[in-house]
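See structure below.
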Amino acid sequence: MPGYDTPAPREAAPVKILVAGGFGVGKTTLVETISEIEPLRTEERLTAAGVGVDDLEGIESKSVTTVAMDFGRLTLTDAGVVLYLFGTPGQERFWFMWDDLLNGALGAIVLVDTRRLDRSFPAVDFFESRGLPFVVGANCFHGEQPYTAEEIGAALHLRDPRTPVLMLDARSRPDVRACLLALLDRLIADAGAALAAPAAAQATEAR
């Protein structure tokens, strides 16, 4: 992981990050945990109208849900960036908003609950199909995670085997910060590879 302890010479650069995943995986909690400002939440109470529409299997105690987005901010002074975090709605009936939220985003965290891993496939497919770099965060509910990162990555059928899979507790600020830094590492690595590719092609042609 590159160092982030060098003071930024210029004004911090804005970086838009999406926090996505299935219904009830902990996206709102993650944004609330790490945001340096009072996060914007667009939650509504679950009502009888959602019966048969919202799948509450495994999360029967959930009483509210995000209907538009969550928003938070984190300044990483040493890295010279300000992260703007946008949490996506998890229910299928609100997925139409994801493309709008994608506009301007540089990367994403796909939060998963291994008790209901199938709920996370649409988020993985969404970002892979659109070429947006992401890391997977396996939320350890009740502080437990029976699977390894390798097992979770294999179960998700990730197209890029280098996609980081990290264990985290969405309520833990250090865990969430580490996940965001891992995503920044990936963005930097991908940018470096993209810059190196033309130079390598030119060198090959010159031979």
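- Within the 4.5 Å cutoff, no side-chain heavy atoms of Val15 are placed close to those of Leu76.
- Put simply, the side chain of Thr88 does not reach to within 4.5 Å of the side chain of Met97, judged on heavy atoms.
- Taking CG from Leu156 and CD from Glu151, the interatomic distance works out to 12.0 Å, rounded to the nearest 0.5 Å.
- Contact of the Asp70 side chain with the Thr28 side chain is registered, since non-hydrogen atoms from C-beta on lie closer than 4.5 Å.
- Looking only at distances, no side-chain donor or acceptor of Gln145 sits under 3.5 Å from a matching main-chain atom of Met167.
- In this structure, Ala105 and Leu18 approach most closely via the heavy-atom pair CB-CG, 3.9 Å.
- Listed by chain and number, the residues in a ring pair (Phe, Tyr, Trp, His ring centres under 6.0 Å) with Phe86 are Phe71 (sequence neighbours excluded).
- At least one donor-acceptor pair closer than 3.5 Å links the side chain of Lys16 to the backbone N or O of Asn103.
- Counting all heavy atoms, side chain and backbone alike, Gly107 lies closest to Leu183 at C-CD2, 4.0 Å.
- Counting heavy atoms from C-beta on, the side chains of Asp160 and Glu128 never come closer than 4.5 Å.
- Both Val165 and Phe121 belong to a single network of hydrophobic side chains, linked directly or stepwise wherever heavy atoms of I, L, V, M, F, W or Y lie under 4.5 Å apart.
- Taking CG of Asp185 as the reference point, atom CG of Asp190 lies at 11.0 Å (rounded to 0.5 Å).
- Side-chain contact between Ile109 and Lys27 is absent, with no heavy atoms from C-beta onward closer than 4.5 Å.
- When all heavy atoms of Trp98 and Ala20 are compared, the closest pair comes out as CH2-CB, 4.2 Å.
- Within the 3.5 Å criterion, the main-chain N or O of Ala170 finds a donor-acceptor partner in the side chain of Thr33.
- Clustering ILVMFWY residues whenever any of their side-chain heavy atoms sit less than 4.5 angstrom apart, transitively, puts Tyr147 in a cluster other than the one holding Phe141.
- Under the side chain to side chain contact (heavy atoms under 4.5 Å, CB included) rule, Cys179 has a single partner from Ile34, Val136, Val19, Leu168, which is Leu168.
- Atoms CD and CD1, from Glu150 and Ile152 in turn, are 9.0 Å apart once rounded to the nearest 0.5 Å.
- Residues Phe127 and Pro133 have side chains not in contact (no heavy-atom distance under 4.5 Å, counting atoms from C-beta outward).
- Every side chain to side chain contact (heavy atoms under 4.5 Å, CB included) that Asp99 has, sequence neighbours left out, goes to Leu102, Phe126, Arg130.
- Going from atom CD of Glu36 over to atom CZ of Arg173 covers 7.5 Å, rounded to the nearest 0.5 Å.
- Across Leu30 and Leu111, no two heavy atoms sit closer than the pair CD1-CD1, 4.1 Å.
- Residue Leu117 comes nearest to Ala155 through the heavy atom pair CD2-CB, 3.4 Å, listed as atom of the first residue, atom of the second, then distance.
- When side chains are defined from C-beta on, Ile17 does not count as touching Leu74, because their heavy atoms never get closer than 4.5 Å.
- Rounded to the nearest 0.5 Å, atoms CZ (Arg119) and OG1 (Thr114) are 12.5 Å apart.
- Distance alone, capped at 3.5 Å, places no donor-acceptor pair between the Ser35 side chain and the Val31 backbone.
- Side chain of Arg186 to main chain of Phe134: a donor-acceptor pair is present (N/O by atom type, distance under 3.5 Å, no hydrogens or angles).
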